[in-house]
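Every value quoted in this text rests on a predicted model; they were computed, and no experiment measured them.
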Amino acid sequence: MDVGAGACEVAGDGTPGAADLARRLEVTERTAYRDLTDLSLMGVPVLTQSGPGGGIRLIGDWTSPVTGLTRDEVDSVLVGAPAAGDLGLSAELASAREKILAETASAFSRHILVDGLDWFMAREDPRALSTIVTALRTARGLRIVYERKGETRPRTLIPLGLVIMAGRWYLAAQPPGCRPRTYRVARRPVTADSGPHR
């Protein structure tokens with residue numbers, strides 16, 4: 001669950017229970033409670049009460065600064081423009097920017113252009129990104145194929161995250177029973193594994 005999404009859900013609906021909140025945000029109750037703790041540590045006044053008539057609510061008149069943004073819009077803002085384009089979130093970033101600019105008096109960002117890529121570097125085509133993003137969001141494993149000396153060897157991986165550096169995408173992943181390492185996304189075929197890894 002994104003903590004911003006959690007704040008929006010709580011702010012917009014009185015006193016939902018943890019099970020209801022988890023269902024709407026498509027996470028486990030344990031994840032919902034963990035992220036509610038994160039919200040509290042970030043200064044969002046969250047109160048949880050157990051028993052009949054209890055639930056999760058915000059204290060006072062706190063409102064979320066990202067109300068109205070979808071999960072994909074929030075993600076597109078957090079990862080930034082170059083990454084959002086590769087991840088297929090360009091439209092979501094554009095709509096998120098319009099919503100944010102409609103709510104703020106500051107127009108300073110309209111005068112700034114951020115270009116994170118090396119102008120003289122050949123652009124990669126990381127076709128496996130959508131498969132990796134789905135695996136990360138659904139906690140499922142991945143399979144990559146190594147090609148060495150004419151042999152192909154599949155390897156199962158537990159995906160841990162994605163890194164973009166100078167326009168190149170890297171997968172941080174852990175083969176079961178081994179230490180985590182990084183894999184250049186554009187260099188190896190990646191497919192989804194059949195089952196969850198946690």
| task | Evaluate the side-chain contact (heavy atoms from CB on, under 4.5 Å) criterion for residues D75 and R137: first the C-alpha distance (whole Å), next the side-chain angles of each, then the deciding distance (0.1 Å), finally the verdict. | result | CA-CA 12 Å; D75 286 343; R137 284 186 167 169; 2.5 Å; yes
| task | Show the numbers, then the answer: is there a side-chain contact (heavy atoms from CB on, under 4.5 Å) between R155 and L157? | result | CA-CA 6 Å; R155 174 173 275 184; L157 300 175; 3.9 Å; yes
| query | Going through the distances and angles, do I164 and D86 end up as a side-chain contact (heavy atoms from CB on, under 4.5 Å)? | reply | CA-CA 10 Å; I164 184 171; D86 284 349; 4.2 Å; yes
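Rounded to the nearest 0.5 Å, atoms CG (L93) and CG (D72) are 11.5 Å apart. In this structure, the separation between CD1 on I132 and CG on L87 is 10.0 Å, given to the nearest 0.5 Å. Here E92 contributes atom CD and R97 contributes atom CZ; the two are 14.5 Å apart, rounded to the nearest 0.5 Å. Rounding to the nearest 0.5 Å places CZ of R140 at 13.5 Å from OG1 of T131. For the atom pair CG (L171) and CG (L142), the distance works out to 6.5 Å, reported to the nearest 0.5 Å.
Here the closest non-hydrogen pair linking G161 and L136 is N-CD2, 3.7 Å. Annotation for A173 and P175: closest pair O-CD, 4.0 Å, computed over non-hydrogen atoms. Pairing each heavy atom of A135 with each of G141, the nearest pair is CB-O, 4.3 Å. Heavy-atom minimum distance, V79 versus A84: CG2-N, 3.8 Å.
Under the 6.0 Å distance and 45° angle rule, R168 does not count as a cation-pi partner of Y170.
At a cut-off of 3.5 Å, with distance as the only test, a side-chain donor of E73 or S95 sits close to an acceptor on the other residue.
Looking only at distances, a side-chain donor or acceptor of Q174 sits under 3.5 Å from a matching main-chain atom of C178.
A heavy-atom distance below 4.5 Å is not found between the side chains of I144 and T156.
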